[in-house]
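All remarks here apply to the structure that follows.
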Amino acid sequence: MKQPNLLAALLAALLAVACGPATPKAQPAATAETLREVTIDDYTDNSGTFELTADQTVAAFDAIRWEDGSFITIAVNDTCVLQAYCEEPARLLAEVTNDSDPMVFHQKYVSAGEFRQMIRDVFGLAEANGAFLDGFSPVDIMAETLDEVLERANGE
């Protein structure tokens, strides 16, 4: 993983899961100053993997050129990430991934403001937990989409 140089770190700052650790172990309490591995891809020079704080991650999220396929991932622990993925203009999919088999990820559609809050929330956690996943739907991503899960849940 590359370390952001000072310019990249300043740019990121200025431009404003039911998953646990791979093996149970004590983890230090996370804080807003905790560094997390963050990967960004918006098909511009903003793309890359960095170690960022919560504030830097929010700034990086705001700097992303959101178009179909753009994404940001934030490592929660060794087996779990929080991801925002742009499926189409104005449609942001939040997803908590893990290493489950079958691949059942927790997903929901969110606004940019909701995802900013999720970033702040996840930086305060040592691991994603049940309360963090409120409002998410479990989706077997190899067999169905979130839209199909939501349609089935709404009886459509």
Side-chain angles (χ1 to χ4, degrees), residues 1-19 21-22 30-128 132-151:
M1 164 180 34
K2 71 180 179 181
Q3 295 293 319
N5 62 31
L6 182 57
L7 180 59
L10 287 173
L11 176 64
L14 293 174
L15 292 175
V17 260
C19 55
T31 69
E33 296 306 309
T34 298
L35 292 175
R36 299 249 190 229
E37 183 178 292
V38 177
T39 301
I40 300 162
D41 197 346
D42 68 355
Y43 310 102
T44 69
D45 291 338
N46 291 331
S47 299
T49 299
F50 308 95
E51 293 285 330
L52 302 176
T53 65
D55 288 341
Q56 291 170 328
T57 303
V58 169
F61 172 81
D62 288 339
I64 293 172
R65 184 180 65 188
W66 288 103
E67 59 183 42
D68 191 21
S70 298
F71 68 87
I72 183 171
T73 65
I74 302 130
V76 177
N77 59 39
D78 293 341
T79 62
C80 178
V81 301
L82 170 63
Q83 173 174 277
Y85 177 81
C86 185
E87 287 192 334
E88 55 190 56
R91 186 161 152 149
L92 197 60
L93 175 70
E95 178 174 64
V96 177
T97 68
N98 55 59
D99 65 352
S100 66
D101 185 25
M103 295 176 69
V104 177
F105 295 169
H106 291 82
Q107 300 180 339
K108 72 177 177 178
Y109 294 113
V110 296
S111 68
E114 289 171 312
F115 197 79
R116 281 186 204 95
Q117 185 59 52
M118 292 172 77
I119 291 169
R120 295 193 186 291
D121 291 346
V122 81
F123 268 83
L125 300 174
E127 62 184 67
F132 180 78
L133 294 173
D134 279 351
F136 281 82
S137 297
V139 179
D140 181 346
I141 66 164
M142 300 305 287
E144 58 191 350
T145 67
L146 177 57
D147 287 331
E148 292 167 337
V149 169
L150 295 175
E151 286 173 8

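Note that the structure is predicted; figures quoted are calculated from it, not measured. Reckoned from all heavy atoms, side chains included, excluding hydrogens, waters and symmetry mates.
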Report, one line per pair, each donor and acceptor closer than 3.5 Å where one atom sits in a side chain of residues 136-144; sequence neighbours left out.
unit_1 : atom_1 : unit_2 : atom_2 : d
D140   : OD1    : M142   : N      : 3.3
E144   : OE1    : R152   : NH1    : 3.1
E144   : OE1    : R152   : NH2    : 3.1

With sequence neighbours left out, what residues match E87 under salt bridge (Lys or Arg N to Asp or Glu O under 4.0 Å)?
R91

Should I72 and W66 be marked as a side-chain contact (heavy atoms from CB on, under 4.5 Å) after you check the CA-CA gap, both sets of side-chain angles, and the distance that decides it?
CA-CA 10 Å; I72 183 171; W66 288 103; 4.0 Å; yes

Would the distance check show the side chain of Y43 and the main-chain N or O of G69 forming a donor-acceptor pair, the cut-off being under 3.5 Å?
yes

F123 to T34 - nearest heavy-atom pair and separation:
CE2-O, 3.2 Å

With heavy-atom distances below 4.5 Å as the criterion, would you say the side chains of D42 and S47 are in contact?
yes

Residues in ring-ring contact (aromatic ring centres under 6.0 Å, His included) with F115, at least two apart?
F61

Measure the spacing between CZ of F105 and CG of D99 and express it to the nearest 0.5 Å.
8.5 Å

Evaluate F71 against I64 for side-chain contact (heavy atoms from CB on, under 4.5 Å), listing each step before the verdict.
CA-CA 8 Å; F71 68 87; I64 293 172; over 6 Å; no

Checking side-chain polar atoms at under 3.5 Å, does D147 have a donor or acceptor matched by the opposite partner on Y109?
yes

Sequence neighbours left out, what passes side-chain hydrogen bond (donor to acceptor under 3.5 Å, both in side chains) with E148? Give chain and number order.
none

Say whether, by atom type as modelled, one donor and one acceptor occur between the side chain of T49 and the main chain of T39 under 3.5 angstrom.
no

Please test T57 against R36 for side-chain contact (heavy atoms from CB on, under 4.5 Å), starting from the C-alpha separation and ending with a verdict.
CA-CA 9 Å; T57 303; R36 299 249 190 229; 5.7 Å; no

Just verifying a value: how many Å separate L82 CG and E95 CD, rounded to the nearest 0.5 Å?
9.5 Å

Min side-chain heavy-atom separation L52-L35 under 4.5 Å:
no

According to side-chain hydrogen bond (donor to acceptor under 3.5 Å, both in side chains), who are the partners of S100, at least two apart in sequence or on a separate chain?
N98

For A60 and I40, which heavy atoms make the closest approach, and how far apart are they?
CB-CD1, 3.5 Å

What is the distance from atom CD of E151 to atom CG of L146, rounded to the nearest 0.5 Å?
10.0 Å

The test is side-chain contact (heavy atoms from CB on, under 4.5 Å); show your working for E51 and E37 and say whether it passes.
CA-CA 5 Å; E51 293 285 330; E37 183 178 292; 3.8 Å; yes

Which pairs pass salt bridge (charged side-chain N to carboxylate O under 4.0 Å, His left out) with one or both residues in residues 115-125, sequence neighbours excluded?
D55-R120, D62-R116

Main chain of R65, side chain of S70: is a donor-acceptor contact present, judged purely on distance under 3.5 Å?
yes

